[in-house]
Amino acid sequence: MSSTGESVADLETHERWMALALAEAERARQLDEVPVGAVVVYRDRLVGVGCNRPITSNDPTSHAEIQAIRQACDSEQNYRLLGTTMYVTIEPCVMCVGAMVHARIDTVVFGAREPKAGALVSQMTLGQAPHFNHELQVIEGVLAEECRLIMQTFFKSKRSKA
């Protein structure tokens, strides 16, 4: 996990919310979608959830993070999500990081890195891009093994069926 001075209580809170994001990832897997799940939390209150649905919705923007942001904005009746934390099982892509910046999400907590397309630490650091007017705090590695395992299992199953 990143060294942001996280306490044991913070870690327990992060793990509790990441477990809910993992449940959303499982929901995506059951839809035969890439198993990514996300939740948005405001003051320890769930305001948005989402799972990957680009295939079932015929919408390339229907990533878990986008779904969770849309629901949180509806819940809060605001397109700005100041003071919120996004929990997502896998490091977000460029599109999702862009949406988080525009929504003014404060903190992004993710489980496992996405080495090919991760836009927070793996391939880019868009959350801290100096040309944006908002910066994301990033915490990585929460329930990383569980998050990595659901992805690996999904793709292993896909390869064995091919």
Side-chain angles (χ1 to χ4, degrees), residues 1-28 34-54 57 59-114 117-148 150-151:
M1 193 148 92
S2 68
S3 57
T4 58
E6 297 289 309
S7 70
V8 172
D10 290 336
L11 180 58
E12 288 172 357
T13 297
H14 293 327
E15 287 178 348
R16 177 169 46 96
W17 291 115
M18 188 62 75
L20 191 55
L22 274 163
E24 287 296 307
E26 175 59 25
R27 194 163 70 100
V34 174
V36 178
V39 300
V40 178
V41 175
Y42 178 64
R43 295 184 179 170
D44 209 38
R45 178 174 54 89
L46 181 66
V47 294
V49 299
C51 71
N52 262 9
R53 295 182 42 105
S57 66
D59 179 357
T61 69
S62 195
H63 288 195
E65 300 93 325
I66 302 298
Q67 295 296 316
I69 288 170
R70 287 175 180 158
Q71 191 176 87
C73 289
D74 283 346
S75 171
E76 297 304 295
Q77 291 295 289
N78 197 333
Y79 74 109
R80 298 286 194 228
L81 297 173
L82 299 169
T84 61
T85 300
M86 163 80 71
Y87 292 87
V88 60
T89 55
I90 301 298
E91 180 183 1
C93 71
V94 170
M95 175 184 69
C96 293
V97 171
M100 291 175 205
V101 168
H102 285 289
R104 305 295 193 269
I105 289 173
D106 284 357
T107 304
V108 181
V109 180
F110 71 88
R113 287 189 178 195
E114 207 317 336
L120 290 175
V121 296
S122 294
Q123 291 298 324
M124 296 175 226
T125 55
L126 286 181
Q128 287 78 42
H131 55 279
F132 288 154
N133 60 355
H134 179 71
E135 190 171 299
L136 301 169
Q137 179 183 355
V138 176
I139 300 170
E140 68 172 293
V142 175
L143 299 182
E145 189 56 35
E146 294 89 334
C147 294
R148 187 174 11 266
I150 193 170
M151 291 289 279

Side chain [X], main chain [Y], donor-acceptor under 3.5 Å:
X    : Y    : answer
E135 : G127 : no
N52  : A28  : no
R80  : H102 : yes
T89  : G111 : no
E76  : C73  : no
E91  : V121 : yes

Measure across [X] and [Y] and return the closest heavy-atom pair with its distance rounded to 0.1 Å.
X    : Y   : value
L82  : Y42 : O-CE1, 3.5 Å
V142 : M18 : O-CG, 3.7 Å
C51  : Q67 : O-CG, 3.8 Å
E65  : C96 : OE1-SG, 3.4 Å

Query raised in the report: Crowded around R45 CZ? As in, over 12 foreign heavy atoms under 6.0 Å?
Result: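 Yes, the 6.0 Å shell around CZ holds more than 12 heavy atoms from other groups.
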
More than 12 non-hydrogen atoms from neighbouring residues, nucleotides or ligands closer than 6.0 Å to CZ on F132, yes or no?
yes

**Item:** Test item: R104 and N133 side chains (from C-beta on) under 4.5 Å apart, heavy atoms
**Value:** yes

**Q.** Qualifying residue for side chain to side chain contact (heavy atoms under 4.5 Å, CB included) with V36, from I90, I150, L22
**A.**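 Only one of I90, I150, L22 forms a side chain to side chain contact (heavy atoms under 4.5 Å, CB included) with V36, namely I90.
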
